[in-house]
Amino acid sequence: MTGGSYDVAIVGAGYVGVPLAQTFADAGNRVLLIDVVSELVDALNRGISHIEDVPSSALEPHVSSGRIVATTDYEQAKHAHAVLIALPTPLTKQREPDLTYVERAAQALAPVLQRGQVIVLESTTYPGTTREVVQPILESGSGLKAGVDFHLAMSPERVDPGRTDWTTKTTPKVVGGIDAASTEAAAAVYRKAVDTVHEVSTPEAAELTKLLENIFRSVNIALVNELAQLCDRMDIDVWEVINAAATKPFGFMPFQPGPGLGGHCIPLDPYYLSWKAREFDFSTRFIELAGEVNNNMPYFCRSVISQALNHGLKRSVSGSKILILGVAYKADIGDCRETPATKLVELLQKAGADVSYHDPHVPAFEGLRSVELEPEAYDCVAIVTAHSAVDYGDIVKRAKVVVDFRNATKGHEIDGKVWKL
Ligand code: SAJ
């Protein structure tokens with residue numbers, strides 16, 4: 001280990017960086033957690049966590065023992081054997097990769113880069129980012145050479161916020177370096193804290209691995225979303241069909257239709273690959289088609305609501321009181337990033353509906369506040385995200401009309417009252 005007092009420095013105290021810091025600290029490593037938001041750093045140094053997956057009770061002991069130190073000072077990274085960059089990689093308005101955060105971090109790290117250090121990019125990005133974007137910034141800013149003076153690798157984050165069956169420690173970690181020595185050095189860093197490390201030959205392979213994982217989900221979700229629209233026309237219960245197909249013990253993996261794709265990964269990551277593929281005169285048709293199908297779901301859901309009001313109450317959407325039940329991007333969390341609820345609320349308001357929402361995890365959303373759950377006060381209750389805290393049988397009993405986009409009312413269906421995808 002190069003001189004210095006930290007086993008790892010982690011850049012980015014977010015939903016990836018804080019669990020990563022805890023995982024390394026739990027394994028006895030000294031961790032430096034770097035973030036540009038000083039309020040966050042101050043709170044972390046008081047043992048206060050802002051990340052749901054890492055309660056303050058798990059963080060505090062590491063802070064008081066000095067095992068985890070937070071700072072806004074990139075200079076401190078020179079005291080770390082390895083530096084793991086876990087920063088957001090959003091899209092621009094034109095749906096193109098936005099590497100600003102990663103580039104800024106590399107520019108801040110370059111002047112303090114030390115011989116023998118191991119630098120790893122964890123952010124989800126297109127194949128080539130580590131070698132074509134991060135490496136030149138680190139080399140030009142330090143005068144050091146990757147693969148000669150320092151190791152450079154890519155290891156995609158696989159954090160699923162809210163999940164408890166797989167953690168940062170137990171989820172296998174893929175690692176790919178710009179050369180064999182970098183792969184080995186980076187793998188050795190992760191083996192200090194993560195149970196399983198899977199080595200690949202290049203950072204490009206590691207970058208594409210993560211994109212494949214998420215594109216796989218986006219395409220398969222689009223498949224069942226397309227099927228849901230066909231089943232609506234054929235009067236077949238798409239949920240029954242998927243559940244039946246899921247009885248096949250091999251060669252099938254069930255996905256569920258829904259009001260569209262939300263979250264900070266699945267809706268965005270595929271566009272990182274389609275953007276890069278264009279450089280190779282290649283069009284990633286599955287990605288584009290999946291995006292079209294998934295992005296159309298809020299529009300389809302609006303028409304399902306319109307049909308339910310029409311047939312159930314002889315009412316139009318215009319002038320109807322509609323309660324959206326659940327607006328977070330997925331069940332049992334409060335994250336609303338890219339949630340399809342945003343587009344659906346907008347479409348219903350444009351159609352003249354009086355839209356309210358109730359979400360036990362989301363107190364405020366799109367200028368609205370979560371209302372008390374009184375189904376009878378509305379013409380229609382639309383289940384957009386099915387949090388487990390809600391009693392859907394009671395909703396069906398009390399509501400005039402229920403539109404269920406998540407099969408949450410399974411077993412409570414009442415003809416003429418409950419409409420489903
Ligand atoms: N969704 C469906 N139908 C499905 C599954 C999901 O409509 O069958 C929707 C969800 O409602 C949500 C969106 O897709 O709006 C994304 O859901 P997700 O289950 O993929 O959850 P995410 O976005 O939190 O994805 C994360 C990803 N983790 C990382 O990127 C590290 C993904 O790779 C994981 O596979 C996923 O969690 C997971 O398995 O839960």
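Below, all heavy atoms of this structure are taken into account, side chains as well, without hydrogens, waters or symmetry copies. Counting convention: from 1, in listed order, for ligands and their atoms alike.
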Is it the side chain, the backbone, both or neither of Arg406 that has a heavy atom closer than 4.0 Å to ligand 1?
-> side chain
Could you grab the distance from atom CG of Asn407 to atom NZ of Lys410, nearest 0.5 Å is fine?
-> 6.0 Å
Please list, chain by chain and in numerical order, all residues satisfying side-chain contact (heavy atoms from CB on, under 4.5 Å) with Val219, sequence neighbours excluded.
-> Ile215, Phe286, Ala290
In terms of atom number and element, which parts of ligand 1 are under 4.0 angstrom from non-hydrogen atoms of Arg163?
-> 38 (C), 39 (O), 40 (O)
Arg158: numbered ligand 1 atoms lying under 4.0 Å from its heavy atoms = 31 (C)
Ligand 1 N/O within reach of Asp269 N/O, cut-off under 3.5 Å = no
Looking only at N/O atoms, are Gly262 and ligand 1 under 3.5 Å apart anywhere?
-> yes
Paired with Lys276, the salt bridge (Lys or Arg N to Asp or Glu O under 4.0 Å) test is passed by just one of Glu132, Glu96, Glu207, namely Glu132
Which atoms of ligand 1 are found less than 4.0 Å from any heavy atom of Leu261?
-> 9 (C), 13 (C), 14 (O), 15 (O)
Are any of the N or O atoms of Lys210 closer than 3.5 Å to those of ligand 1?
-> yes
In Å and rounded to the nearest 0.5 Å, what is the CG to CZ distance from Leu109 to Phe150?
-> 10.0 Å
Numbering the atoms of ligand 1 from 1, which are under 4.0 Å from a heavy atom of Lys330?
-> 21 (O), 22 (P), 24 (O), 37 (O), 40 (O)
Could you walk me through whether Thr124 and Glu157 pass the side chain to side chain contact (heavy atoms under 4.5 Å, CB included) test, one step at a time?
-> CA-CA 7 Å; Thr124 304; Glu157 59 92 356; 3.8 Å; yes
Closest to atom 1 (N) of ligand 1 by heavy-atom distance, out of Ile221, Thr124, Asn214, is Ile221
Looking only at side chains, do Asp179 and Ser182 share a donor and an acceptor under 3.5 Å apart?
-> yes
When you look for heavy atoms under 4.0 Å from ligand 1, do you find them on the side chain of His264, its backbone, both, or neither?
-> neither
Given Glu213, Arg217, Arg337, which one has a non-hydrogen atom that is nearest to atom 20 (O) of ligand 1?
-> Arg217
Any heavy atom of Glu157 under 4.0 Å from ligand 1? The part involved is both
For ligand 1, the portion of Val159 having any non-hydrogen atom under 4.0 Å away | backbone
